[in-house]
Amino acid sequence: MKCSFITLPLSLILLESAFPVALAAPPRQPDKTVECEILVIGGGLAGAAAAYEGLLAGKTVCLTEITDWVGGQVSSQGVSALDERTTQRQRQFFSRGYLELRERIKRKYGKLNPGECWVSVACFIPSDGHKFVFSMLENAEKRGRGKLKWFPSTVVKELGITPPNPPVYGGGQEGNGKLIESAIAIQHNPAKNTPPLNTEPLSQTIEDAYRYENSSRFDKTIIRFLPLKRTKKSQTTQPTNWYVLDATETGEIIALADVPYRLGIDPRSHLEPSGANDTGDPYCTQGYTYTFAMEATKEPQTHQMPPFYSRYSPYYSFEAKRFNFASIFTYRRIWSNPNAPKELKIRSRETFGVTPPKPGDISMQNWTWGNDYRPGTAQDNLIYTREQLQALGQLQPSGWMGGLRVESLRGGEELSQGYFYWLVAGTTDSQLGDGVKQPHPNNRYLTGLNSPMGTVHGLSKYPYIREGRRIIGRPAWGHPEGFTLWEVDISRKNFREDYYRNNLSTEQYRRLWALLSGLNATAVIREALSPEQVKERSRSAIYPDSVGIGHYTIDFHPCLAKSPPETPGNQGYPNEAMAASQSYPFQIPLRAMIPQKIDNMLIAGKSIATSHSAAAAYRVHSFEWSVGAAAGTTAAFALENNLMPYQLVEQLPRQQPQLEALQRRLQQNGNPTAFPDTSIFNEFGKNWQ
């Protein structure tokens, strides 16, 4: 069956390009050389989970992170409110490391929800999130007798990608033979007599962090990462001495390595039936958010209007009439003052069943029409496309600067700081009109290195990124143009709506229902059954190479149609959120984690092979941990068994004994690869809420 997505524009798919033969020479010799068996680039939840499992497997793990905190969403990005689905939470059906994280939260505070928020059953202080996760890594190092080499405030600048000598490991048809053989990174620390890290927001420091030279702000340490040396005997049988895992928030390493990927909206097809249009759009990725913390006070505070406030004030809104200041404050309240007077602890309908804000309460703000920054055009997109990177010289030797538009980072920072002023002093509402918003001066903006965000400026150290670059997996059975997880694989959407019959061709509509019909697919393709006669399956797609699980709503924070995004009256990109719906509990196939071109690289975060719509579900906390655990375990398994990850899946759908051994290891270690009762013969997903 020929898939329609082969019509993707060149702006969405990377073309073949020349790989650097060796690293470009830094301006000075590296200050140190560090060896490891698993190099994890990115210290968010996925990177932490990969390191955790690698350490428990007894491996030497190098972990780099652009900030000085590990944990990503629960720490440096400030999103310390765990996004979970009801049934999965009730059954505690999560990876072992994620369960340990939840237990550490409960142990610290005496309960899982010290913030008494209503968005989640677990809301807590981001600075504690870093402590929880780092302590877990230290404990895993001891238990597994591995070795952790932690590199905070570190970015990868160069990759040494070279074709190997004629492979001695058999290769296989899908083996590309290219390997990452070295990496050069830059670690930055404050220069003498300068303020500490986290004094300035990211937009003011990121370009400096990617430059080799010392600056008035930073002293730099240049680090060369190399595979751990092995004995001569093992080197003759080992296809690689290490694995490199991209666990960055935006897919930095897949861009730097120049492997095929997608960015932004995918064209509408039978696989992505809710796609916004027939062409796609690489500039429209989901909005990102600089979170901040605010504290309710007994007395009114004095607030100074930011100089840029008038630029962003037309954007802010409560969004819907059911929301107000109290409900938004308590939505992600991360600390509820236990010493408040009893008369202030009465639950309220106004705050969705929790107590209203009380003096001493702390709220973390993450609100769509508040501090979500949502650029979506070629003039303001945050994550540069490959064409933009080429034009900027970032794909040239020593040219990599992180792949992000600094002006958009700055816009997100200003929007967030302005949003606090709107909450406490604003009287406008872009969606609900006049007379809705009233000032609430009894609140203060929390800043300082000891504040919940750990920054002098009060913003999160890094924005919460909902969507980055997404690899295109290798060609596989049923996926001739490259493995991808699509909307149709997980969605509970009602695809009988007129929208789909009206916007898909007759052939696309039939192919859509062939996929939705489960065991009746062949009959639909042969037109023995019409789409109207098909009973839709009540589960997600099932994969023989599943190595992890996830479950969350297909949830959009859409980009905005006009540039800049704060333009008065701006609205969401037309039809971008059409795919928004509940999903069935889903799986993480190993094929979605294996990039093209490079054999010793795995994807350990949101940059796995998903479509724009599927990515909206494959992005939350427990998924990140599950995919990271799968990546770390797979890397350790491959090293121990002298094979490459692609060899585990290249003969699918034939039975693969080594793949099954990996899956058993994951399951025995408490990392589920399937939900209970998963089978093509039942509808296990319909009862999972």
Discussion item. Show, in sequence, the C-alpha distance, side-chain angles and deciding distance for K562 and D380, and conclude whether the salt bridge (charged side-chain N to carboxylate O under 4.0 Å, His left out) test is met.
Written reply: CA-CA 10 Å; K562 298 178 182 178; D380 58 17; over 6 Å; no
Item to complete: Verify ring-ring contact (aromatic ring centres under 6.0 Å, His included) between F94 and W625, making sure each step is shown before the conclusion.
Response: CA-CA 9 Å; F94 297 109; W625 196 279; over 10 Å; no
Practice prompt. Applying side-chain contact (heavy atoms from CB on, under 4.5 Å), run through L662 and T633 and close with a yes or a no.
Written response: CA-CA 8 Å; L662 169 63; T633 303; 4.0 Å; yes
Worksheet entry | Check against side chain to side chain donor-acceptor pair (under 3.5 Å), Q651 and Q656 | CA-CA 7 Å; Q651 298 300 322; Q656 299 288 289; 5.6 Å; no
Worksheet item: What do the steps show when you test V627 against Y618 for side-chain contact (heavy atoms from CB on, under 4.5 Å), and what is the final call?
Response: CA-CA 10 Å; V627 73; Y618 280 83; over 6 Å; no
Discussion item. side-chain contact (heavy atoms from CB on, under 4.5 Å) for V156 and I253? Distances and angles first, verdict last.
Written reply: CA-CA 8 Å; V156 170; I253 306 307; 4.1 Å; yes
Item to complete: Start with the C-alpha distance between E467 and H612, add both sets of side-chain angles, then the distance that settles side chain to side chain donor-acceptor pair (under 3.5 Å), and finish with yes or no.
Response: CA-CA 8 Å; E467 178 188 359; H612 178 68; 2.8 Å; yes
Fill in: Derivation of the side-chain contact (heavy atoms from CB on, under 4.5 Å) call for E536 and W513
CA-CA 8 Å; E536 185 177 353; W513 279 96; 3.6 Å; yes
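Heavy-atom neighbours of D498 CG from other residues, nucleotides or ligands within 6.0 Å: at or below the threshold of 12.
Using a 4.5 Å cut-off on side-chain heavy atoms (C-beta onward), Q394 and W400 make contact. Two residues are said to be in side-chain contact when any heavy atoms from C-beta on lie closer than 4.5 Å; L404 and I383 meet this criterion. Contact check for I254 versus R470: no side-chain heavy atoms found under the 4.5 Å cut-off. L271 has its side chain out of reach of D266: every pair of non-hydrogen atoms, C-beta onward, lies at least 4.5 Å apart. No side-chain heavy atom of Q533 sits under 4.5 Å from any side-chain heavy atom of N520. Residues I598 and L179 have side chains not in contact (no heavy-atom distance under 4.5 Å, counting atoms from C-beta outward). Between H551 and F675, some side-chain heavy-atom pair lies under the 4.5 Å cut-off. Looking at heavy atoms from C-beta onward, F93 lies in side-chain contact with P672 at the 4.5 angstrom threshold.
Across A50 and V40, no two heavy atoms sit closer than the pair CB-CG2, 4.3 Å. Scanning all heavy atoms of the two residues, the minimum distance from R262 to I472 falls at NH1-CG1, 3.4 Å. Here the shortest heavy-atom pairing between S613 and I554 reads O-CG2, 3.3 Å. The nearest pair of heavy atoms linking Q596 to P260 is OE1-CG, 3.6 Å. Closest of all the heavy-atom pairs between H621 and D83 is ND1-N, 3.2 Å. Heavy atoms only, all atoms of each residue included: P273 and Y499 are closest at O-CE2, 3.9 Å.
Taken to the nearest 0.5 Å, the CD atom of E252 stands 10.0 Å off from the OG atom of S607. Considering CG of N277 and CD of E576, their distance stands at 10.5 Å, rounded to 0.5 Å. In this structure, OG on S274 lies 8.5 Å from CZ on R268, to the nearest 0.5 angstrom. For the atom pair D278 CG and N503 CG, the distance stands at 8.0 Å (nearest 0.5 Å). Remark: L245 CG to N600 CG distance equals 10.0 Å, nearest 0.5 Å. Atom CG of D281 is separated from atom CG of L263 by 9.5 Å, given to the nearest 0.5 angstrom.
Every side chain to side chain contact (heavy atoms under 4.5 Å, CB included) that T673 has, sequence neighbours left out, goes to S546, L666, Q667. Listed by chain and number, the residues in a ring pair (Phe, Tyr, Trp, His ring centres under 6.0 Å) with Y464 amount to none (sequence neighbours excluded).
When atom types are taken as modelled, the side chain of T377 and the backbone of Q379 share a donor-acceptor pair closer than 3.5 angstrom. Panel note: side chain R526, backbone A528; no donor-acceptor pair is recorded below 3.5 Å. With Q508 contributing its side chain and S269 its backbone, the two residues share no donor-acceptor pair below 3.5 Å. A donor-acceptor pair is defined here as one N or O able to donate and one able to accept, closer than 3.5 Å; no such pair exists between the side chain of S491 and the backbone of V488. Listed for the K493 side chain is a donor-acceptor partner under 3.5 Å among the backbone atoms of M578. A donor-acceptor contact shorter than 3.5 Å links the side chain of Y315 to the backbone of D372. Judged by distance alone, the side chain of R466 and the main-chain N or O of F556 form no donor-acceptor pair under 3.5 Å. For the pair N371 (side chain) and T289 (backbone), a donor-acceptor distance under 3.5 Å is absent. The main-chain N or O of P589 is never found under 3.5 Å from a side-chain atom of D545 such that the two would form a donor-acceptor pair. Side-chain atoms of R474 never come within 3.5 Å of backbone atoms of R591 as a donor-acceptor pair (strictly under, hydrogens ignored).
For the residue pair Y373/E566, the side-chain donor-acceptor check at 3.5 Å is satisfied. Looking at Q658 and Q647, their side chains never bring a donor and an acceptor atom within 3.5 Å of each other.
Ring geometry, F495 versus Y500: the interplanar angle exceeds 60°, so the pair is classed perpendicular (tilted spans 30 to 60°).
Side-chain rings of F586 and F623 stay apart, their centers remaining 6.0 Å or farther from each other.
Salt bridge present: E53 and R96 bring a charged side-chain N and a carboxylate O closer than 4.0 Å. Classification of E249 and K606 as a salt-bridged pair holds, one side-chain N sitting under 4.0 Å from a carboxylate O. Under the 4.0 Å criterion applied to side-chain N and carboxylate O atoms, R619 and D555 are assigned as salt-bridge partners.
Geometrically, R85 engages Y552 in a cation-pi contact, judged by NZ or CZ lying under 6.0 Å from the ring centre and within 45° of the ring axis. Judged by the 6.0 Å and 45° rule, R374 forms a cation-pi pair with W369.
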